Undergrad: 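Pasting a structure here, questions to come.
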Amino acid sequence: MTEGSGAIKAVGRGAANRRGAHFVAAPGRLDAGAAGQHTLAAMVSLPDFIRGLPKAELHLHIEGSLEPEQMFAFAGRNGIALPFASVEALRAAYAFAKLQDFLDIYYQGADVLRTEADFRDLALAYFRRVAADGARHVELFFDPQTHTSRGIPFAVAAEGLLAGMAQAERELGVSSKLILCFLRHLDEDAAFATLREAEPWLDRIVGVGLDSSEVGHPPSKFAGVFRAARERGLKLVAHAGEEGPPAYVREALDLLHVDRIDHGNRALEDAELVRRLAREAMTLTVCPLSNLKLCVVGDLADHPLKRMLQLGLKATVNADDPAYFGGYLAENWIAVSQALGLTREDLVTLAKNSFTGSFLAPEEVARHLAAIDAYAQAQPEIA
Ligand code: HPA
Ligand code: ZN
């Protein structure tokens, strides 16, 4: 993680705190003690403020939380030979110039997921990490076609994930909802077949999404299946404007009638579209470290998140595929906050956006918003 620039600066590398982060102090806030030692004024470090802040994760591909160590463990217990000699060799392959480079290795990696226990353990490992990051609620994606296409029944993935989600709620207090994503590089008939297969689970699946290779596969290709999902009362989201043009964001709004846009970065190229997104209070699920790793931005200092907030857009911060992109939820928050100099007010806004943009019931949203206010009021100044 880079040292920050801008409003929130990490300085001082003193005693490690309870969570392993470092105490930080702003210049001029170190008090010289009688013995000439420096003591810290009552302040909270940026990482600690972020980890303690109640927040939701709204853009997380569970297959993208498959860590290299886990990939080897699942391959071992399922008797699968991996084309990589070691965890290090696998990690070294995580160098991507664009979305497709990542997708190729991500679909290959998912092949180690074979049993309900694999999906349950994958989900649980993710929830343990994100609970430590201060997540109170998660809306996670899964890609059933990645599994059914290699002979793993829909039921295996869905039941395994739902079991992990239920256990996480019981043991970690993190609530969650499941979103089924259609792979956009496949045709709409395949998406319809997936929706039919999902029928027995639709009371436990909150909505449908659209992911995979964006350019050349516009939202319009899936207007029929999104209409069918809407008629069943499902929530609707779609990746748009990650690599695709602003026109894809418009299509997601006008033809798919989405409730959220996943990513949405390239919407900023179209001022009229930006005004519309702001007017409609459309939530954008933004993924800073993903954007960096997939070269959507060249440098986090150029990330559009701060601009989105200034333009009145309902942006949120999310991890996307944390095992591949170098950070879970809190690491995304910390890195982008340091790179852009986000203020305390920005952080509180982002946390609130993550709940108002969620599919939780209004009374649940209100409870989380009150928890954010209580937390922010109780915290000292961020160092
Ligand atoms: N973009 C598109 N499809 C995906 C992604 C992503 O970042 N992660 C998993 N599927
Ligand atoms: Zn994504």
Side-chain angles (χ1 to χ4, degrees), residues 56-67 71 94-111 113 119 122-123 126 130 138-147 149 157 161 177-186 190-191 194 207-219 221-222 235-245 248-249 251-252 256 258-267 283-297 303-305 315-329 332 354 357:
E57 175 143 67
L58 304 180
H59 186 154
L60 182 284
H61 302 263
I62 195 65
E63 295 92 343
S65 72
L66 180 62
E67 290 287 339
M71 205 186 289
Y94 292 179
F96 315 116
K98 57 185 185 307
L99 174 60
Q100 194 61 48
D101 297 346
F102 153 70
L103 290 171
D104 292 342
I105 204 160
Y106 161 84
Y107 294 130
Q108 189 184 346
D111 184 44
L113 300 167
F119 285 93
L122 178 71
Y126 160 73
V130 86
V138 177
E139 298 186 355
L140 61 153
F141 299 132
F142 79 124
D143 288 340
Q145 289 158 296
T146 298
H147 313 303
S149 66
L161 293 175
K177 294 182 186 290
L178 189 58
I179 298 174
L180 175 175
C181 277
F182 302 121
L183 297 181
R184 68 201 304 160
H185 66 272
L186 302 178
T194 302
V208 301
L210 188 63
D211 66 2
S212 190
S213 322
E214 186 181 4
V215 174
H217 303 286
K221 186 176 158 184
F222 297 92
K235 300 289 188 188
L236 310 173
V237 300
H239 284 55
E242 181 184 19
E243 286 187 344
Y248 284 21
V249 177
E251 283 192 9
L256 304 188
V258 293
D259 298 290
R260 294 198 292 253
I261 295 283
D262 295 316
H263 295 294
N265 300 43
R266 290 197 58 195
T283 296
L284 306 181
T285 63
V286 180
C287 306
L289 291 176
S290 164
N291 293 158
L292 184 65
K293 197 80 178 164
L294 298 183
C295 305
V296 169
V297 297
H303 194 279
L305 181 69
T316 61
V317 173
N318 308 272
D320 209 0
D321 299 279
Y324 293 89
F325 299 153
Y328 285 75
L329 184 60
N332 273 272
S354 74

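Heavy-atom basis, side chains included; hydrogens, waters and symmetry copies ignored. Each ligand, and each atom within it, is numbered from 1 in the order the structure gives. Predicted model, so just to flag it, every value in this text is computed and none were measured.
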Undergrad: I'd like to check whether H59 has a polar contact with ligand 1, where a contact means an N/O of the residue lying under 3.5 Å from an N/O of the ligand.
TA: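 For ligand 1, there is no N or O atom that lies under 3.5 Å from one belonging to H59.
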Undergrad: Can you measure from CG (L329) to OG1 (T316) and round to the nearest 0.5 angstrom?
TA: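 One gets 9.5 Å once the value is rounded to the nearest 0.5 Å.
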Undergrad: Out of curiosity, is S212 lining ligand 1, as in a heavy atom under 4.0 Å away?
TA: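 Within the 4.0 Å threshold, so yes.
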Undergrad: Using a plain distance cutoff, I'd like to know if D320 has any nitrogen or oxygen under 3.5 Å from a nitrogen or oxygen of ligand 1.
TA: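 Looking only at distances, the answer is yes, because the N/O contact criterion of under 3.5 Å is met.
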Undergrad: Taking the Zn ion (ligand 2) as the reference point, name the nearest N/O/S atom of H61.
TA: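 Per the distance ranking, H61 contributes NE2 as its closest N/O/S atom to the Zn ion (ligand 2).
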Undergrad: Using 0.5 Å steps for rounding, measure from the CD atom of Q145 to the CZ atom of F142.
TA: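 That separation rounds to 10.0 Å.
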Undergrad: Which of the numbered atoms in ligand 1 are below 4.0 angstrom from a heavy atom of F102?
TA: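 Those qualifying, in numeric order: 5 (C), 8 (N), 9 (C).
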Undergrad: By atom name, which N, O or S atom belonging to H59 lies closest to the Zn ion (ligand 2)?
TA: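 Result: NE2.
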Undergrad: State if F141 counts as touching ligand 1 under the rule of any non-hydrogen atom under 4.0 Å.
TA: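 No, F141 has no heavy atom closer than 4.0 Å to ligand 1.
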Undergrad: May I ask you to test the I179-R260 pair for a side-chain heavy-atom distance under 4.5 Å?
TA: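 SC-SC contact between I179 and R260 confirmed.
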Undergrad: Is any side-chain heavy atom of I105 closer than 4.5 Å to a side-chain heavy atom of Y324?
TA: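 Counting from C-beta outward, I105 and Y324 do come under 4.5 Å.
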Undergrad: Please tell me whether H239 and F141 form a close aromatic pair, meaning their ring centres lie under 6.0 Å apart.
TA: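 H239 vs F141: aromatic centres under 6.0 Å.
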Undergrad: With respect to the Zn ion (ligand 2), please indicate if D320 possesses an N, O or S atom at a distance under 2.8 Å.
TA: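 For D320, the answer is yes, given that an N, O or S atom comes within less than 2.8 Å of the Zn ion (ligand 2).
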Undergrad: For the side chain to side chain donor-acceptor pair (under 3.5 Å) test, which of T283, T285, D211 pairs with H59?
TA: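 Of T283, T285, D211, side chain to side chain donor-acceptor pair (under 3.5 Å) with H59 is met by T285 alone.
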Undergrad: For Y107, is at least one N or O under 3.5 Å away from an N or O on ligand 1?
TA: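 Y107 vs ligand 1: no N/O contact under 3.5 Å.
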Undergrad: Between Q100 and D104, is there a side-chain donor-acceptor contact under 3.5 Å, judged purely by atom types and distance?
TA: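 Per modelled atom types, D104 and Q100 side chains form a pair under 3.5 Å.
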Undergrad: Evaluating non-hydrogen atoms only, which member of D211, L99, N291 is closest to atom 6 (C) of ligand 1?
TA: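 Looking at heavy atoms only, L99 sits closest to atom 6 (C) of ligand 1.
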Undergrad: Return the closest protein heavy atom for atom 8 (N) of ligand 1 as residue, atom name and distance.
TA: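 Closest protein heavy atom to atom 8 (N) of ligand 1: D321 OD2, 2.7 Å.
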Undergrad: If we ignore angles and hydrogens, is there a donor and acceptor under 3.5 Å between the side chains of T146 and Y106?
TA: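 Y106 and T146 do not have a side-chain donor-acceptor pair below 3.5 Å.
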Undergrad: Answer yes or no as to whether an N/O/S atom of H263 is found below 2.8 Å from the Zn ion (ligand 2).
TA: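 No, since none of the N, O or S atoms of H263 sits under 2.8 Å from the Zn ion (ligand 2).
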Undergrad: For E242 and ligand 1, does the shortest N/O to N/O distance drop below 3.5 Å?
TA: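 Between E242 and ligand 1 (N or O atoms, distance only) the closest approach is under 3.5 Å.
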Undergrad: Are L210 and L256 packed together at the side-chain level, in the sense that at least one heavy-atom pair is separated by less than 4.5 angstrom?
TA: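 Yes, side chains in contact.
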Undergrad: Decide whether the shortest distance between a heavy atom of D262 and an atom of ligand 1 is less than 4.0 Å.
TA: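 D262 does not count as a contact of ligand 1 under the 4.0 Å cut-off.
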Undergrad: Could you tell me whether any N, O or S atom belonging to C287 is less than 2.8 Å from the Zn ion (ligand 2)?
TA: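 No.
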Undergrad: Side chains of D320 and F102, heavy atoms from C-beta outward: is any pair under 4.5 Å?
TA: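 Answer no - side chains too far apart.
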